[in-house]
2 protein chains.
Amino acid sequence: MGAQGPTEGPLTDEELQLAARNHGMPLEALRYDITPSGLHYLLVHFDIPEIDESSWRLDIAGNVEHPQSLTLEQLRTRLSRTLPVTMECAGNGRARLRPRPISQPWLVEAVGTAEWTGIPLRDVLREAGVGSNSVEMVFTGADHGVQGDVEHDYERSLPLDAAMRPEVLLAYEMNGRPLEPQHGAPLRLLVPGWYGMTSVKWLTRVTLVSERFEGYEQAIAYRYQKDEADPGEGVSRMRVRALMIPPGYPDFLSRRRLVEPGIVTVRGRAWSGNGDVVRVEFGVDETWTDADLQEPVGPFAWREWTLRWDAAPGEHILSCRATDAAGYVQPVEQPWNYQGMGNNLIQKVPVTVGRS
Amino acid sequence: MGAQGPTEGPLTDEELQLAARNHGMPLEALRYDITPSGLHYLLVHFDIPEIDESSWRLDIAGNVEHPQSLTLEQLRTRLSRTLPVTMECAGNGRARLRPRPISQPWLVEAVGTAEWTGIPLRDVLREAGVGSNSVEMVFTGADHGVQGDVEHDYERSLPLDAAMRPEVLLAYEMNGRPLEPQHGAPLRLLVPGWYGMTSVKWLTRVTLVSERFEGYEQAIAYRYQKDEADPGEGVSRMRVRALMIPPGYPDFLSRRRLVEPGIVTVRGRAWSGNGDVVRVEFGVDETWTDADLQEPVGPFAWREWTLRWDAAPGEHILSCRATDAAGYVQPVEQPWNYQGMGNNLIQKVPVTVGRS
């Protein structure tokens, strides 16, 4: 987070600069099981690094019995796994908060689902031999910059048990093609179920450590804080959320939706990092009806929901609200934290129903 | 454009909504001859339409001898052409203008270069037989919405001579793969040298007309206007522009650049819709030096420029300025028009040079 605290004021030039670089997934793309890769949300923390694949290596270092320095070719010849995974940015929804934390100003579009191919991290770690007093793995990316006056490579850690889960991948393909540069080429970490900051892009090193990692992106950024002084809790798994494809068609500037009266099939997706979504409700002016759920796209991916809505002429506010197997339900009133993390307030879509 | 005129005020919620959907090309991607497709700038005017390729047809209609209704398969079996083309949004730079026209708030990133594959439009038109009193072709997209209180499909026209140029394509591939939905699948128009609004996506119909087309996106939007009452001139070819990869590394929030002292190779790209770029100058605190030019990536694509800069400690403003074969030079003072179109003010990159 920046030096500037949350604000009630208008959008800043800094936020616009970030919004011009990064991008969400236009919500009509919720129609695809697998998001076309150019539509998947994208947040590049510093710059997309320039990496020469022929000299690139993944180092497995620190507290291991057999340190490794692996080429992409060595990694690509191993037994791979392909998984559809829904990924969401931890800051999704931030720009709707009042007061508004100053950072990438996401509305609700910072999500996407891709088919990732890679090798299970634990296969590589077992060969390297994890030292017995290891507690965490630190993942280092090649992207470099300054945040909060601290110059650093982007680095995040995971507890050993989370990192050794079978679904955690070292991914080199997205949607059946080599990673594009902005998605972490040649290799990225992929941690299904967790917010996107965990899935370190442009991975260069995995370091086994015997103490908790206290780097900037772990100990300062990505925390649930009440205020600046609060050390807070680390952000981890994605909270349950549903989104809908805004029905009808838009006004270019306001994005206000115009809908023809009569039966409208409303479609959306819902996901959670804490287990299956078990219920989605669709709200019209705060009257809620259960939606139909399709099968999830995969164990770590969203599921579609649909509902036939009889659209009556007039102004309406449409909403959706998901519940997951762990019992979590999306809030209808705004929760708030200092960095604007893990927001899963229900989506609201104002529509005008009328004959055009 | 919206109902609201240009403003000196802060960014509006409407502008943020557009910035969250659309996206520029992060400037470090100027390093690639061909922009990875997910990094190419993207502006979706209304919504990305949902198109069933099996029932989709391209209709050649209006003032033609043999009206056509072509399947994608019929189009794909014809003789194709592949061209690298630099495309820029006509509104690029709008958000830096004072006062600021309210629309998609581009800074300078709304550009990209792709390799497009398709069939020359004129081949199809010659088979259809253009009626002798035709003056324009109207291109209709499947995207639908409201702008300025006018409900319409996105439609633009071209004079016959511009449309019949050999480089104008009906494109179905981008960077060697079928178009992704957001880039106009299954088929889009591609008009090299012109600003992006001309290259109509999700093309469904080409209509030969005997009078000038006066649709919203032609007669109201995309005009060089002095003020709201001025009918203005239509926007057409891209004005000459150079951009640089901001050197050094960024601060996450401010994007301020930090550069190590000493020799820095500065790189960028330059292009024009009015002929080759013949000169690029690099400015340090308004002292200008000629940069080295590489060969253009193609006759309708940008060329790289480089320069070795001896970075002295302190604060500097870096700039670049291109000149094209037609003699146009980028302005150093802000030009202005009511819709913020065709802006090609020189880029300015503030940097801090110092030992970190």
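Keep in mind the model is a prediction, meaning the values are calculated, not measured. Just so it is clear: chains get the letters A, B, ... in the order the sequence lines come, proteins before strands, and each one is counted from 1.
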OG1 of B:Thr35 to CD of A:Gln182, rounded to nearest 0.5 Å, is 10.5 Å
Out of B:Arg256, B:Arg177, B:Glu109, return the one with the most heavy atom pairs under 4.5 angstrom to chain A.
B:Arg177
Tell me, yes or no, whether the heavy-atom count around B:Arg96 atom CZ, taken from other residues, nucleotides or ligands under 6.0 Å, exceeds 12.
no
Counting heavy atoms not belonging to A:Asp149, are there more than 12 under 6.0 Å from its CG?
no
Name the region of A:Ile245, side chain, backbone, both or neither, that has any atom closer than 4.5 Å to a heavy atom of chain B.
neither
Heavy-atom pairs under 4.5 Å with chain B, option from A:Asp251, A:Leu107, A:Ile48, A:Leu11 with the top count
A:Ile48
Counting only non-hydrogen atoms closer than 4.5 Å, does A:Arg257 touch chain B with its backbone (N, CA, C, O), its side chain (CB onward), both, or neither?
side chain
Between chain A and each of B:Pro250, B:Gly145, B:Ala19, count heavy-atom pairs under 4.5 Å; write down the option with the most.
B:Pro250
So for A:Glu15, is it side chain, backbone, both, or neither that comes closer than 4.5 Å to the heavy atoms of chain B?
neither
Please state whether the side chain, the backbone, both or neither of B:Glu180 comes within less than 4.5 Å of a heavy atom of chain A.
side chain
Taking the six-membered ring for Trp, are B:Tyr249 and A:His144 parallel (under 30°), tilted (30 to 60°) or perpendicular (over 60°)?
perpendicular
Of the listed A:Pro36, A:Pro246, A:Gly248, the one with the largest count of heavy-atom pairs under 4.5 Å with chain B is A:Pro36
At a 4.5 Å cut-off on heavy atoms, which part of B:Leu39 comes close to chain A: side chain, backbone, both, or neither?
both
Identify which of A:Gln17, A:Glu14, A:Glu28 forms the greatest number of heavy-atom pairs closer than 4.5 Å to chain B.
A:Glu28
When heavy-atom pairs shorter than 4.5 Å are enumerated against chain A, which of B:Ala95, B:Gly9, B:Pro26 gives the highest number?
B:Pro26
Nearest 0.5 Å, what's the CG-NE2 distance between B:Asn22 and A:His23?
10.5 Å
Looking at A:Val146, A:Val108, A:Leu258, which has the largest count of heavy-atom pairs under 4.5 Å with chain B?
A:Val146
Got B:Leu27 and A:Arg21 here, is their nearest side-chain heavy-atom distance under 4.5 Å?
no
Identify which part of A:Leu16 has an atom lying under 4.5 Å from any heavy atom of chain B, answering side chain, backbone, both or neither.
both
B:Arg255/A:Asp47 under side-chain contact (heavy atoms from CB on, under 4.5 Å): CA gap, chis, key distance, verdict
CA-CA 10 Å; B:Arg255 308 315 289 183; A:Asp47 286 352; 3.8 Å; yes
Region of A:Tyr32 in contact with chain B, defined by heavy-atom distances below 4.5 Å:
side chain
What part of A:Ala110 gets within 4.5 angstrom of chain B, counting heavy atoms only: side chain, backbone, both, or neither?
neither
Using 30° and 60° as the class limits, which term best fits the ring planes of A:Phe46 and B:Phe252: parallel, tilted or perpendicular?
perpendicular
